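To start, the structure under review is shown below, and the notes come after it.
From a predicted model like this one, the values you see are computed outputs, not experimental measurements.
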Amino acid sequence: QVQLVESGGGLVQPGGSLRLSCTASGSIYRINNVGWYRQPPGQQRELVARITSGGSTNYADSVKGRFTISRDNAKNTVYLQMNSLKPEDTAVYSCNAEVSLLGFSRLFNYWGQGTQVTVSS
């Protein structure tokens, strides 16, 4: 089985920065596309940023120029660097990964448990 574990959330003042990590463990052959999602209180989950296996990225308009997604394949980890944080960035942030498992030909989809990000003065 595969586990995705997010870390790096917390309380930060407006204008501050946080770096979230999403680390996968288990019988992994390769991690393919990975997305960071967020769910603000009382709202639906939305895609924040996505990175392909080849390193191509795309972002929600609301975070372009402030957030950067990156990956370290050797560590099975994807990062979300969040700068110039705003109160409206407050949400539970979760990662979602498409994973190739050892011994299987198809892709599997996994979610992490989420990490809380609160932007407040």
Side-chain angles (χ1 to χ4, degrees):
Q1 273 294 346
V2 172
Q3 278 193 321
L4 294 183
V5 178
E6 300 102 335
S7 61
L11 173 64
V12 64
Q13 292 187 341
S17 298
L18 285 174
R19 189 177 81 156
L20 305 183
S21 299
C22 171
T23 300
S25 61
S27 301
I28 299 168
Y29 173 69
R30 186 175 66 184
I31 299 174
N32 297 284
N33 301 332
V34 179
W36 278 102
Y37 292 75
R38 68 185 180 187
Q39 186 167 19
Q43 299 183 40
Q44 290 188 331
R45 185 167 56 196
E46 61 178 356
L47 176 65
V48 174
R50 186 172 176 267
I51 186 166
T52 69
S53 56
S56 297
T57 60
N58 62 278
Y59 299 91
D61 288 343
S62 58
V63 307
K64 280 181 182 176
R66 299 189 298 122
F67 290 12
T68 302
I69 189 170
S70 61
R71 62 192 297 160
D72 184 335
N73 292 330
K75 296 182 179 180
N76 284 340
T77 298
V78 172
Y79 304 98
L80 185 68
Q81 178 68 44
M82 306 186 295
N83 299 328
S84 303
L85 282 161
K86 304 175 182 180
E88 51 264 43
D89 294 318
T90 295
V92 175
Y93 285 71
S94 303
C95 62
N96 174 265
E98 297 171 351
V99 180
S100 301
L101 301 183
L102 294 170
F104 292 87
S105 59
R106 73 173 183 91
L107 295 176
F108 291 81
N109 190 278
Y110 294 95
W111 285 92
Q113 83 288 351
T115 185
Q116 176 69 45
V117 171
T118 302
V119 185
S120 175
S121 54

Look up atom CG in Leu85 and atom CZ in Arg66, then write down how far apart they are to the nearest 0.5 Å.
6.5 Å
dist Ile69:CD1 -> Gln81:CD (nearest 0.5 Å) comes out at 12.0 Å
With a 4.0 Å cut-off on N to O distance, would you call Asp61 and Lys64 a salt bridge?
yes
Take a 6.0 Å sphere around CD of Gln1 and say whether it holds more than 12 heavy atoms from other residues, nucleotides or ligands.
no
Sequence neighbours left out, what pairs pass side chain to side chain donor-acceptor pair (under 3.5 Å) with at least one residue falling in residues 93-108?
Asn32-Ser100, Asn33-Glu98, Arg38-Tyr93, Asn96-Asn109
Distance (rounded to the nearest 0.5 Å) between Asn76 CG and Ile31 CD1:
4.0 Å
Paired with Val78, the side-chain contact (heavy atoms from CB on, under 4.5 Å) test is passed by just one of Asp72, Ile51, Leu4, namely Ile51
Side-chain contact test, heavy atoms from C-beta onward, threshold under 4.5 Å: evaluate it for Leu11 versus Ser120 and give yes or no.
yes
Single-linkage hydrophobic cluster, 4.5 Å side-chain cutoff, Met82 and Val12 together:
yes
Arg71: what forms a side-chain hydrogen bond (donor to acceptor under 3.5 Å, both in side chains) with it, not counting sequence neighbours?
Asn73
So, Gln39 side chain and Ala91 main chain: donor-acceptor pair closer than 3.5 Å or not?
no
For residues 19-28, which side-chain donor-acceptor pairs fall under 3.5 Å, sequence neighbours excluded?
residue, atom, partner, partner atom, Å
Thr23, OG1, Thr77, OG1, 3.0

Verify same cluster id: Val5, Tyr110 (apolar side-chain graph, 4.5 Å):
no
Which pairs count as ring-ring contact (aromatic ring centres under 6.0 Å, His included) when at least one residue sits in residues 29-74, sequence neighbours excluded?
Tyr37-Trp111
Quick one: name the residues clustered hydrophobically with Tyr79, using the 4.5 Å side-chain heavy-atom rule over I, L, V, M, F, W, Y, and just say none if it's on its own.
none
Under 3.5 Å: donor-acceptor pair, side chain of Gln13, backbone of Ser121
no
Please answer: with hydrophobic residues joined when any side-chain heavy atoms are less than 4.5 Å apart, are Val92 and Leu80 in the same cluster?
no
Going by the rule side-chain hydrogen bond (donor to acceptor under 3.5 Å, both in side chains), which residues pair with Thr118 if we only count those two or more places apart in sequence or in a different chain?
Gln116
Please report the closest heavy-atom contact between Leu47 and Ala60, naming both atoms and the distance.
O-CB, 3.5 Å
To the nearest 0.5 Å, tell me how far Thr68 OG1 sits from Asn83 CG.
6.5 Å
